[in-house]
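Worth saying up front: this structure is predicted, and the values here are computed from it rather than measured.
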Amino acid sequence: ADVITLREEASLEELKKLSVDKPQLLITADPAFTLAPCTESEAAAILQKEGIKQDAPLIGLSARKWKGHEVYAGKIAAAADYLYEKYGIKSVLIPLHYPHDTEISNEIASRMKSNPYIIKHKYNVTETLGIIKSMDLILGMRLHALIYGASLGVPVVGLPYEPKVIDFLSFINQPSAGHVESLDYDKMIKTIEQAWLDRQQIKENLAASKKMFVDKALQNAEIAISLLDN
């Protein structure tokens with residue numbers, strides 16, 4: 001390799017532990033930061049197709065099946081019910097990797113007292129971005145649910161299952177509700193609730209950071225072009 005690009009500081013530290021010190025190592029950002037959502041009208045049409053009413057705040061839940069899902073699915077369901085009962089926030093389960101995430105989404109929904117929405121159809125990336133942009137908050141295991149949310153200025157709370165999720169949350173300075181394999185319900189509720197109460201400030205912070213994220217992501221293409229030119 002002539003150049004290695006990494007999406008956050010933690011990845012660079014990991015390579016240093018492996019004694020990788022060449023070729024050139026650069027921290028950029030995930031290319032997904034450069035993606036654009038569909039139009040608001042197209043997103044609204046998708047929500048209508050899915051039977052999702054925009055008459056209340058919406059929290060997007062992006063989960064995947066992982067070790068201990070029998071336990072954490074119930075805790076996520078209970079948290080979603082709590083948010084609905086206290087703040088009137090309705091849940092939208094978003095299977096980001098379709099159809100793989102459908103099973104865990106249905107499992108969470110089946111454990112909820114309130115009636116959540118579930119995205120039932122497969123959508124392309126720009127449409128998925130449009131769905132996520134329509135949310136008021138994202139609670140996500142899937143890394144790209146968090147990347148999409150952050151890139152669109154939607155407050156995110158992570159549910160890490162691997163170090164890459166923890167590292168990304170640190171990179172964007174957004175909270176983790178705890179590792180899914182040892183998820184503490186009270187801590188999770190406190191973290192989500194704080195993000196909800198601070199959502200306006202979080203949106204402003206993410207919007208202020210957006211150009212930096214995009215510029216770093218575009219460096220990947222610039223570096224590739226430079227290598228080809230040389």
Minimum heavy-atom distance between [X] and [Y], given as atom pair plus value:
X	Y	result
Thr126	Ala36	CG2-O, 3.4 Å
Val20	Leu25	O-CD1, 3.5 Å
Thr191	Ser176	CG2-O, 3.7 Å
Gly153	Lys203	O-CG, 3.3 Å

Side chain Glu42, main chain Thr39, donor-acceptor under 3.5 Å: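 Yes: the side chain of Glu42 pairs with the backbone of Thr39.
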Under a 3.5 Å distance rule, please check whether Glu127 uses its side chain to pair with a backbone N or O of Asn124 as donor and acceptor. yes
Result of checking Thr102, Ile46, Ile52, Leu96 against Ile119 for side-chain contact (heavy atoms from CB on, under 4.5 Å): Ile52
Can you tell me how far apart CG (Leu152) and CD1 (Ile131) are? Round to the nearest 0.5 Å.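 Answer for the CG-CD1 pair, Leu152 versus Ile131, is 12.0 Å.
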Suppose the criterion is ring pair (Phe, Tyr, Trp, His ring centres under 6.0 Å): which pairs have a residue in residues 60-83, not counting sequence neighbours? Trp66-Tyr161
With sequence neighbours excluded, give me every ring pair (Phe, Tyr, Trp, His ring centres under 6.0 Å) pair touching residues 90-121.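 Sorted result for residues 90-121: empty, none.
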Kindly write out the residues that satisfy side-chain hydrogen bond (donor to acceptor under 3.5 Å, both in side chains) with Asp167, not counting sequence neighbours, or none if the list is empty. none
Side chain to side chain contact (heavy atoms under 4.5 Å, CB included), that's the test. Do Leu61 and Ile94 meet it? Break it down for me. CA-CA 6 Å; Leu61 307 178; Ile94 306 171; over 6 Å; no
Asp21 and Lys16: salt bridge (charged side-chain N to carboxylate O under 4.0 Å, His left out), yes or no, with the steps? CA-CA 7 Å; Asp21 55 8; Lys16 287 180 179 177; over 6 Å; no
Neighbour count >12 (heavy atoms, 6.0 Å) for atom CD, Glu204: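 It does: Glu204 CD has more than 12 such atoms within range.
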Any salt bridge linking [X] with [Y]? Criterion: basic side-chain nitrogen under 4.0 Å from a carboxylate oxygen.
X	Y	answer
Lys190	Asp186	no
Asp101	Arg142	yes
Lys17	Glu13	no
Lys113	Glu85	no

Is there a side-chain contact between Pro99 and Lys122 (heavy atoms, below 4.5 Å)?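 Of all side-chain heavy-atom pairs linking Lys122 with Pro99, none is under 4.5 Å.
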Could you give me the CA-CA distance, side-chain angles and deciding distance for Glu50 and Lys120, then say whether salt bridge (charged side-chain N to carboxylate O under 4.0 Å, His left out) is met? CA-CA 7 Å; Glu50 294 288 347; Lys120 296 183 175 65; 5.4 Å; no
